[in-house]
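Just the heavy atoms: all of them, side chains too, but no hydrogens, waters or symmetry mates, feed the values below.
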2 protein chains.
Amino acid sequence: MKRKKASETAPLEGRSPCAVACGLDIFGDRWTLLVVRDLLRGHRRYGEFAGSKEKIPTNLLADRLSRLETAGIVTRTPYQDNPPRYEYALTPKGDALRPIIRAIADWGAQHIPGTRRMDMAAQAAATGDKPSSR
Amino acid sequence: MKRKKASETAPLEGRSPCAVACGLDIFGDRWTLLVVRDLLRGHRRYGEFAGSKEKIPTNLLADRLSRLETAGIVTRTPYQDNPPRYEYALTPKGDALRPIIRAIADWGAQHIPGTRRMDMAAQAAATGDKPSSR
DNA sequence: CTTTTTCACTTGCAAATCGCAAGTCACAAC
DNA sequence: GTTGTGACTTGCGATTTGCAAGTGAAAAAG
């Protein structure tokens, strides 16, 4: 059980006072922002994340979810007691990552051939962007 | 000597057609976007990147620079012949990463106590943002 | 009521990556 | 000629990945 200690709003490592550096300490890896992307798409349960086409290894999925929880980005609430099952949701702090995902999706769609922005629920609504304007 | 082959605009691994996933395959790690940040700040030479306060290990710096080069995000041009010395600069594709760095800086400054957005040269000008309004 | 599935994770482990320290190479300075 | 500087490379132990298989409990199937 990795649910050891969160010591509230942990100061993390903090390798520098730079917001970019510290942000990357939290989600700078190949999987974390992908589970955030799935959360933004409305995924709530372990199996839904594991079922995404990128096929995250289940041990990493469990690890990333628990890190995101201790980082205050997702919440983990039981939706059934026996056997204990939880569902995950973004906190406001997690939802605030949306512009980052958006920016990455924009860049990728424009600069990596063969990729496309996939539907992100309520994407336009949340940022006030017009679908037809850029 | 990691300068092996770039095979033009390589199709990369491409673990899915998702722009976010493929973007993360390129810069989804703790250091890559940090050197992009430094490039946006105007850093040009190896020593300048190595001198940033996050203290990237030099072997990783060399590796990240060559990956960024093969990804078409930075260019490496000699500024002296003997001994051969190069300087690095962002391509347009690399400069297009600016909104991502911006989004991360915004998020970090707002959600990670003790961090702040550091000056990013010509940040406002490139995005049409007003420095005094937020 | 016994067997099979499903869900949500763990565990094991080989292979890849990281990060620190030290080394190299060529010239420039002292 | 000894030291310094810039740009890397090399070694290597420690950590992290990623794949496969296992676990536990209930729900569905036979």
Original post:
Start at the 5' end of DNA chain D and walk down; is the nucleotide closest to B/G47 or to A/L60 reached first?
Top reply: B/G47

Subject >> Nearest-Å distance for atom pair CD/C1', residues B/E54 and C/dG19 >> reply: 15 Å

Subject >> Check: A/T91 side chain, A/G72 main-chain N or O, donor-acceptor pair, under 3.5 Å >> reply: yes

**OP:** Test A/D25 against B/R30 for salt bridge (Lys or Arg N to Asp or Glu O under 4.0 Å), laying out the working first.
**Re:** CA-CA 6 Å; A/D25 279 339; B/R30 292 224 334 297; 2.9 Å; yes

Original post:
Across the strands shown, which category fits B/Y79 at heavy-atom distances under 4.0 angstrom: base, sugar-phosphate, nothing?
Top reply: sugar-phosphate

**OP:** Tell me what A/N82 touches on the nucleic acid: a base, only sugar-phosphate, or nothing, going by heavy atoms under 4.0 Å.
**Re:** sugar-phosphate

Original post:
Would A/R44 count as a cation-pi partner of A/Y79, with NZ or CZ less than 6.0 Å from the six-membered ring centre and within 45° of the ring normal?
Top reply: no

Subject >> Donor-acceptor contact below 3.5 Å, side chain B/T115 vs main chain B/G108 >> reply: yes

Original post:
What nucleotide, of C/dT10, D/dC8, D/dG18, holds the atom closest to the side chain of A/R30?
Top reply: D/dG18

Subject >> Nearest-Å distance for atom pair CZ/C1', residues B/R76 and D/dG6 >> reply: 14 Å

Original post:
Toward the 5' end of DNA chain D, which comes first, A/R67 or B/P84, by nearest nucleotide?
Top reply: B/P84

Subject >> Separation of atom CG in B/N59 from atom C1' in D/dC12, rounded to whole Å >> reply: 11 Å

**OP:** Please check the phosphate of C/dC9 (OP1 and OP2 only) for any side-chain N or O of A/Y88 closer than 4.0 Å.
**Re:** yes

**OP:** Provide, to the nearest angstrom, the distance between the CD atom belonging to B/E48 and the C1' atom belonging to D/dG6.
**Re:** 12 Å

Subject >> Separation of atom CG in B/L61 from atom P in C/dC18, rounded to whole Å >> reply: 13 Å

**OP:** Calculate the interatomic distance between A/W31 atom CH2 and D/dT17 atom C1'; express it in whole Å.
**Re:** 10 Å

Subject >> Proximity to the side chain of B/P57 - top-ranked nucleotide from C/dT10, C/dG19, D/dT9 >> reply: C/dG19

**OP:** Would you please confirm or rule out a distance under 4.0 Å between OP1 or OP2 of C/dC18 and any side-chain N or O of B/R64?
**Re:** yes

Original post:
Nearest-Å distance, CZ (B/R85) to P (D/dA7)?
Top reply: 6 Å

**OP:** Rounded to the nearest angstrom, tell me the gap between atom CD in B/Q80 and atom P in C/dA28.
**Re:** 8 Å

Original post:
Is B/R15 close enough and on-axis enough to A/W31, meaning under 6.0 Å and within 45°, for cation-pi?
Top reply: yes

